[in-house]
Amino acid sequence: MNREKDQLKKLLQPVPLPGGKSIPSRILPGPMEGIMTADFCRTMMEFDLLSSWITPFIRISHSTPRAVRLDERLIYFRPLPIIAQIMGTYREHLARTTKILSGLDGVIGVELNCACSSNTVLRSGAGGAQLRNPEWIRDTLLEMRKSSPGTGIGVKLRTGFTSADELPGILEQVRKAEPDWIVIHYRTSKELFRSVPDGLQRLRTARELLPKTFLFGSGDLFTCGQAVEMISRTGVDGITPARGLMHNPWLIRDIETVCRGETPPGRNVVPFLLRLLDLSADNPVWRNGLILEITRNIWGRESEFFKSLAREHKAAAMRRILEKKQTTEDRGQRTD
Ligand SMILES: Cc1cc2nc3c(=O)[nH]c(=O)nc-3n(C[C@H](O)[C@H](O)[C@H](O)COP(=O)(O)O)c2cc1C
């Protein structure tokens, strides 16, 4: 019990990185391409729901992007410390990009994505496809390090391409590059987002294989209970909840509260949704998808609240529904 308490308290400590930089806490948002829009990021920061970011992947193809282009990709995430994630197949461009990124405002580290398993990415040989070639991952990390010795260098992995039996071979090579951290999403590339019964055991195996490397666990962290279970059953050093933020935007702060031995308060998500709506509505390309996604996750597809929002396509009409919901939440009433 005391061991678990100590493990949880440790999650609140910063992680030192090269160049005197550090990650402020060991609970980071798992990157989500398409979800971490400017509006989502701004709302998360205005509500003070996290302490640092790992960005969704920046795709690097057969050239090195100019600094100004890379800087544009980081604007949403400032002023919090940023781990910029890159993905590609050309080692020299990944290394040069790392160098440019490491000189940009707020960047504390660069992470190589070897986990993304969308068909397009796999077909291009990037992301999760690199899990079939652990030596490539090792050598690319070494080049990234060489290009930017004063910045944290990390890697995001899955536990294999087709089978988790590949994990020891992958880690054996990655370890040789001495990354400052490894994030492991416990599924294989082929498993996409399917449920895997032995996900935590796979992270446990990674821990045993790499007792000294800083490991972040990823996979199905929707609640504080799941976070505590991952930490205590696997011994990973940190966690990166992703989709859980669309079930509870306060998830990172709630897990931190549990780590302090306290109980998280009840959360009212409506003000968060209202702010997200207002920011999105100002956007010339107005999209209500994210608001609907969060509402569906929290209240359910069958709830009147979700159904009434889903019928609306105009921001003003959605706002009226949210304000009505806010009033009933304030009165402590449930409407569905
Ligand atoms: C819509 C979406 C986009 C994602 N984009 C990225 C990405 O750009 N980079 C990355 O490393 N992981 C990405 N992921 C994976 C998540 O960071 C995380 O590893 C995965 O969802 C498992 O964690 P979870 O079950 O807590 O969501 C994405 C996941 C989703 C659902």
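As the structure lists them, so they are numbered: ligands from 1, and atoms in each ligand from 1.
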Query raised in the report: When you look for heavy atoms under 4.0 Å from ligand 1, do you find them on the side chain of H185, its backbone, both, or neither?
Result: side chain
Requested in this report: Give the single entry among Q85, M230, R158 that approaches atom 11 (O) of ligand 1 most closely by any heavy atom.
Outcome: Q85
Report task. Could you tell me which atoms of ligand 1, counted from 1 in the order shown, lie closer than 4.0 angstrom to a heavy atom of L221? Result -> 26 (O)
Query raised in the report: Above 12 or not: heavy atoms from other molecules or residues under 6.0 Å from CD of E323?
Result: yes
Query - Whether A115 lies under 4.0 Å from ligand 1, heavy atom - result: no
Query raised in the report: Looking only at heavy atoms, which two atoms of P81 and S51 are closest? And how far apart?
Result: CD-O, 3.3 Å
Report summary line: The closest protein heavy-atom partner of atom 29 (C) of ligand 1 is F193 CZ, 3.8 Å
Query raised in the report: Of the protein's non-hydrogen atoms, which lies at the shortest distance from atom 19 (O) of ligand 1, and what is that distance?
Result: S218 OG, 2.8 Å
**Report entry** Salt bridge E92-R96, side-chain N to carboxylate O under 4.0 Å
**Finding:** no
Report summary line: ligand 1 atoms nearer than 4.0 angstrom to some heavy atom of N113 are 9 (N), 10 (C), 11 (O)
Query raised in the report: Between S117 and R187, does any side-chain donor sit less than 3.5 Å from a side-chain acceptor?
Result: no
Query - Candidates R26, Q7, R207, K10 - the one meeting side-chain hydrogen bond (donor to acceptor under 3.5 Å, both in side chains) with D237 - result: R207
Report summary line: Tightest non-hydrogen contact, residues I54 and M36, listed as O-SD, 4.3 Å
Query raised in the report: Do R78 and D71 meet the salt-bridge criterion of a basic N to acidic O distance under 4.0 Å?
Result: yes
Query raised in the report: Which part of D220 is near ligand 1, with near meaning a heavy atom under 4.0 Å away: side chain, backbone, both or neither?
Result: both
Query - Atoms of ligand 1, numbered as shown, that sit under 4.0 Å from any heavy atom of G30 - result: 17 (O)
Report summary line: For atom 12 (N) of ligand 1, the closest protein heavy atom turns out to be K156 NZ, 3.0 Å
Requested in this report: Answer yes or no for R202 and Y186: cation-pi contact, defined as NZ/CZ to six-membered ring centre under 6.0 Å and angle to ring axis within 45°.
Outcome: no
Report summary line: ligand 1 atoms nearer than 4.0 angstrom to some heavy atom of P56 are 8 (O)
Report task. Do me a favour and list the nearest non-hydrogen protein atom to atom 28 (C) of ligand 1 with residue, atom name and distance? Result -> P31 O, 3.4 Å
Query raised in the report: How far apart are the closest heavy atoms of L157 and A115, and which atoms are they?
Result: C-CB, 3.9 Å
Query raised in the report: Less than 3.5 Å between some nitrogen or oxygen of P241 and one of ligand 1, yes or no?
Result: no
Requested in this report: Specify the closest pair of heavy atoms between V121 and M87, including all atoms of both residues, with the distance to one decimal.
Outcome: CG2-CE, 3.6 Å
Query raised in the report: If you measure from atom 30 (C) of ligand 1 to every heavy atom of M32, E33, E293, which option wins on shortest distance?
Result: M32
Report summary line: atom 26 (O) of ligand 1 has as its nearest protein heavy atom A242 N, 3.2 Å
Requested in this report: Would you check the N or O atoms of T55, main chain and side chain alike, for any that come under 3.5 Å of an N or O of ligand 1?
Outcome: no
